**Q** 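My questions will all concern the structure given below.
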Amino acid sequence: MTTTRPSGLTDAFLESLVARVPGSSGATWKLTEVYTGELLVELPQSTPEDIERAFHAARAAQQLWAQWPLKKRLEVFERAHTLLIDNALTTTDLIQAESGKNRRMAIEETCDPPMIISHYLKRAPKVLTPKKHGGPIPFLSSSTEVHVPKGVVGIIAPWNFPFATGLSDAIPALMAGNAVVVKPDNKTALSPLYGISLLEEAGLPKGLFQVVCGEGPDVGPTLIDNADYIMFTGSTATGRVIGERAGRNLIGCCLELGGKNPMVVLDDVNVEEWVESAAFGVFGNTGQICMHIERIYLPESRYDELKDAFVERARNFTIGASYDFGPEIGSLVSPDHRDRVAAHVEDAIAKGATVLTGGKPRPDIGPAFFEPTVLEGVTKDMLAGRTETFGPVVGLYSYRTVDEAVKLANDTDYGLNASVWSGDIARAEAIAERIDSGNVNINDALATAYASKATPSGGVKSSGVGARHGDQGLLKYTDVKNVAVLKKQVLGARPGQDYDAYVKQMLQSLKLMRRLRVR
Ligand code: NAD
């Protein structure tokens with residue numbers, strides 16, 4: 001196992017990345033390598049004045065960028081697609097160093113922005129080209145739907161997929177003609193900073209994509225007050241704060257929040273196919289995926305068999321601190337987060353849950369490691385039973401009837417992702433319809449829905465407002481302008497006109513247009 005920091009991550013390289021972050025007060029944040037706790041780089045912290053200046057520069061760059069023809073803007077992303085892929089291994093090293101995730105998850109994360117670029121290169125010309133519709137008076141009027149950029153989009157990103165959330169949500173905003181000011185999490189600012197440097201190498205105008213850094217409550221208010229739209233990914237608690245402020249400012253926002261995602265396994269499931277995917281759905285990225293599974297509902301008739309297979313798989317995961325592909329499970333992001341996960345497990349044990357495997361931190365491997373943990377007997381009075389743990393912890397539950405399973409799956413404030421497993425897809429689809437969730441994966445845990453870039457993906461209930469991906473993921477960064485043309489003045493009653501005749505004529509023409517299917 002290679003625990004030594006990759007040789008490419010030199011001090012000079014890391015300092016060059018953080019050099020673009022404004023920090024006029026001189027205050028810095030110690031950004032550390034998760035596997036060892038050692039300092040990687042001092043990250044500048046932006047003051048409110050720095051943030052205002054970043055918006056000012058972004059706004060100036062946006063005025064010019066919005067005038068570029070769409071084709072020319074998209075050419076930048078054609079080149080960026082290649083550069084992001086050609087430099088994916090450097091990005092992977094950065095993601096691993098700052099987040100502690102294992103290499104498989106880090107390299108998979110690097111694929112997200114190229115997938116987004118590829119989708120919107122195909123879709124943006126169709127979605128953003130003005131669309132002419134008929135006006136109220138056939139042949140004499142028309143109305144054109146024009147999508148204009150919002151201006152400067154503020155993006156607030158979390159630490160669990162820093163490169164994907166820092167870049168992928170910015171790409172459609174930029175394609176639509178906006179500038180972006182992103183605030184990554186302090187812990188994981190390096191990979192998005194590197195990604196932005198690659199976009200600029202591809203030809204993105206300097207100044208168009210700004211980065212500001214700092215603790216959320218320090219940076220958030222100035223960022224939201226200067227933005228024309230906010231794209232936020234993070235916890236439900238923070239989402240409420242962001243949404244309130246955006247609402248007061250009368251700007252739009254998209255809030256992608258937490259989950260307590262259920263998996264319903266039907267009695268006809270193939271255990272071999274299910275167990276590997278379910279284990280990844282729970283423990284992938286050390287359980288720090290917003291769509292990961294925290295509750296598994298198993299049929300009573302096969303409970304012991306499925307439980308034993310799942311616990312066996314969880315017990316056999318290799319855990320480690322390594323920059324190669326050895327360990328299947330990496331670290332949690334920080335000792336603070338490890339303590340939160342441990343607190344959920346301890347609370348569950350204290351209130352009567354049973355640990356089937358795992359349950360403990362692993363300081364012998366690194367400061368923030370925690371074992372893959374399977375619990376039984378979790379109830380809603382436990383933290384792990386009702387709130388998001390966001391770690392490698394899952395509860396197993398038994399159900400008798402499908403109706404009961406659906407009821408249990410829906411018994412949560414969240415609604416981000418769900419998974420249904422069956423040998424009969426139609427049967428699983430019927431259950432998917434009954435689950436209150438923005439995403440439902442059938443015979444997969446989470447990746448199929450997330451990687452389907454043509455379909456909007458977001459949360460319902462306390463899991464969010466709005467969506468990323470699909471046409472909606474591009475159009476949300478635009479305002480619509482309705483440009484209407486009347487070729488001849490024929491609308492409305494004229495002075496001296498017989499009103500009875502006017503009313504009759506107007507109502508008859510409504511019926512005629514309906515019959516001709518003009519309106
Ligand atoms: P968090 O809400 O604590 O932080 C997210 C970001 O918001 C960080 O950059 C943070 O600095 C910033 N922030 C915190 N307080 C702020 C404030 N008052 N004003 C402005 N910004 C503020 O969340 P986290 O712990 O970093 O991330 C994990 C959470 O994110 C989990 O709940 C997870 O489910 C969720 N998440 C959701 C999605 C999704 O697509 N739905 C994706 C990834 C993560």
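Just follow the structure's listing: the first ligand is 1, and inside any ligand the first atom is 1. Numbers here simply count residues along the sequence, with the first being 1. Quantities reported herein were computed from a predicted structural model and do not represent experimental measurements.
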**Q** For Glu52, enumerate each residue passing the salt bridge (charged side-chain N to carboxylate O under 4.0 Å, His left out) test, keeping only those at least two apart in sequence or located in another chain.
**A**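 Glu52 satisfies salt bridge (charged side-chain N to carboxylate O under 4.0 Å, His left out) with no residue once adjacent residues are dropped.
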**Q** With the threshold set at under 4.0 angstrom, would you say Arg468 reaches ligand 1 through any of its heavy atoms?
**A**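 Under 4.0 Å: yes for Arg468.
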**Q** Going by heavy atoms, is Phe390 under 4.0 Å from ligand 1?
**A**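 It does, in that a heavy atom of Phe390 comes within the 4.0 Å cut-off of ligand 1.
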**Q** If we count only N and O atoms by modelled type, under 3.5 Å, do the side chains of Ser235 and Thr238 hold a donor and an acceptor together?
**A**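 The answer is yes; a qualifying pair exists.
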**Q** Less than 6.0 Å separating the ring centroids of Tyr297 and Tyr397?
**A**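 So the answer is yes for these two rings.
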**Q** How about Tyr35 and Tyr323: are their ring centres within less than 6.0 Å of each other?
**A**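 Yes; Tyr323 has its ring centre under 6.0 Å from that of Tyr35.
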**Q** Please identify which atoms of ligand 1 are closer than 4.0 Å to at least one heavy atom of Ala157.
**A**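 This gives 6 (C), 8 (C), 9 (O) as the contact atoms.
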**Q** Looking only at protein heavy atoms, which one is nearest to atom 41 (N) of ligand 1, and what is the separation?
**A**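 For this ligand atom, the closest protein heavy atom is Leu257 O, 2.7 Å.
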**Q** For atom 19 (N) of ligand 1, is there a protein heavy atom at a distance under 4.0 Å?
**A**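 It does; a protein heavy atom is within 4.0 Å.
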**Q** Could you check atom 32 (O) of ligand 1 against the protein and tell me its nearest heavy-atom contact, residue, atom and distance included?
**A**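 The closest one turns out to be Glu388 OE1, 2.6 Å.
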**Q** Checking salt bridge (charged side-chain N to carboxylate O under 4.0 Å, His left out) against Glu328, which of Arg313, Arg104, Lys101 comes through?
**A**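 So the option named by the test is Arg313.
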**Q** What residue and atom, counting heavy atoms only, is the protein's closest point to atom 11 (O) of ligand 1, and at what distance?
**A**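 Ranking protein heavy atoms by distance from atom 11 (O) of ligand 1, first comes Lys183 NZ, 3.0 Å.
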**Q** Considering both backbone and side-chain atoms of Pro221, is one of its nitrogen or oxygen atoms within less than 3.5 Å of a nitrogen or oxygen in ligand 1?
**A**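 The answer is no, given that Pro221 and ligand 1 share no N or O pair closer than 3.5 Å.
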**Q** Kindly give the heavy-atom pair with the smallest separation between Ile116 and Lys453, and that separation in Å.
**A**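 Here Ile116 and Lys453 meet closest at CD1-CD, 3.7 Å.
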**Q** What orientation do His337 and Phe390 show, parallel under 30°, tilted 30 to 60°, or perpendicular over 60°?
**A**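 Taking Phe390 first and then His337, their aromatic rings stand perpendicular (interplane angle over 60°).
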**Q** Compute the ring centroids of His292 and Phe283, then answer whether they are less than 6.0 Å apart.
**A**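 No.
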**Q** Would you mind listing which atoms of ligand 1 come within a distance below 4.0 Å of any non-hydrogen atom of Gly220?
**A**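 With Gly220 as reference, the close atoms of ligand 1 come out as 19 (N), 20 (C).
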**Q** How close does the nearest protein non-hydrogen atom get to atom 27 (O) of ligand 1, and which residue and atom is it?
**A**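 Closest protein heavy atom to atom 27 (O) of ligand 1: Pro158 CB, 3.5 Å.
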**Q** Can you tell me the protein heavy atom closest to atom 21 (N) of ligand 1 and the distance?
**A**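 The protein heavy atom lying closest is Gly216 CA, 3.6 Å.
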**Q** Which atom names give the shortest non-hydrogen contact between Asp50 and Gly23, and what distance separates them?
**A**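 For Asp50 and Gly23, the tightest heavy-atom pair comes out as OD2-CA, 3.5 Å.
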**Q** Where the closest heavy atom to atom 5 (C) of ligand 1 is concerned, which of Thr238, Thr387, Ile156, Thr233 has it?
**A**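 Among Thr238, Thr387, Ile156, Thr233, the closest heavy atom to atom 5 (C) of ligand 1 belongs to Thr233.
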**Q** Keeping to residues at least two apart or across chains, list the ring pair (Phe, Tyr, Trp, His ring centres under 6.0 Å) pairs with something in residues 214-258.
**A**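 Found Tyr229-Tyr477.
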**Q** State the atoms of ligand 1, each with its element, that fall below the 4.0 Å cut-off from a heavy-atom position in Leu416.
**A**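 Near Leu416, the atoms of ligand 1 are 41 (N).
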**Q** Is the Tyr120 to Phe77 ring centre distance short of 6.0 Å?
**A**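 No: the rings miss the under 6.0 Å criterion.
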**Q** Any atoms of ligand 1 less than 4.0 Å from a non-hydrogen atom of Ile242? List them with their elements.
**A**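 Near Ile242, meaning under 4.0 Å from one of its heavy atoms, ligand 1 has 19 (N), 20 (C), 21 (N).
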**Q** Give the residue, atom name and distance (to 0.1 Å) of the protein heavy atom nearest atom 35 (C) of ligand 1.
**A**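 Here the closest protein heavy atom is Gly234 O, 3.2 Å.
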**Q** Looking only at protein heavy atoms, which one is nearest to atom 39 (C) of ligand 1, and how far off is it?
**A**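 Its nearest protein heavy-atom neighbour is Cys290 SG, 3.3 Å.
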**Q** Strictly below 4.0 Å, N to O, side chains only: are Lys187 and Glu98 in salt-bridge contact?
**A**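 No.
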**Q** Answer yes or no: does an N/O atom from Asn160 fall short of 3.5 Å to an N/O atom of ligand 1?
**A**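 No, no N or O pair falls under 3.5 Å.
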**Q** Please confirm whether Gly464 approaches ligand 1 to less than 4.0 Å, judged on its heavy atoms.
**A**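 Checking ligand 1 against Gly464, which is what was asked, there is no heavy-atom contact under 4.0 Å.
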**Q** Who gets closest to atom 23 (O) of ligand 1 by heavy atom: Ala467, Ser235, Ser463?
**A**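 Among Ala467, Ser235, Ser463, the closest heavy atom to atom 23 (O) of ligand 1 comes from Ser235.
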**Q** Test your reading of the structure: does Trp159 have an N or O sitting under 3.5 Å from an N or O of ligand 1?
**A**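 Yes; at least one N/O pair falls below 3.5 Å.
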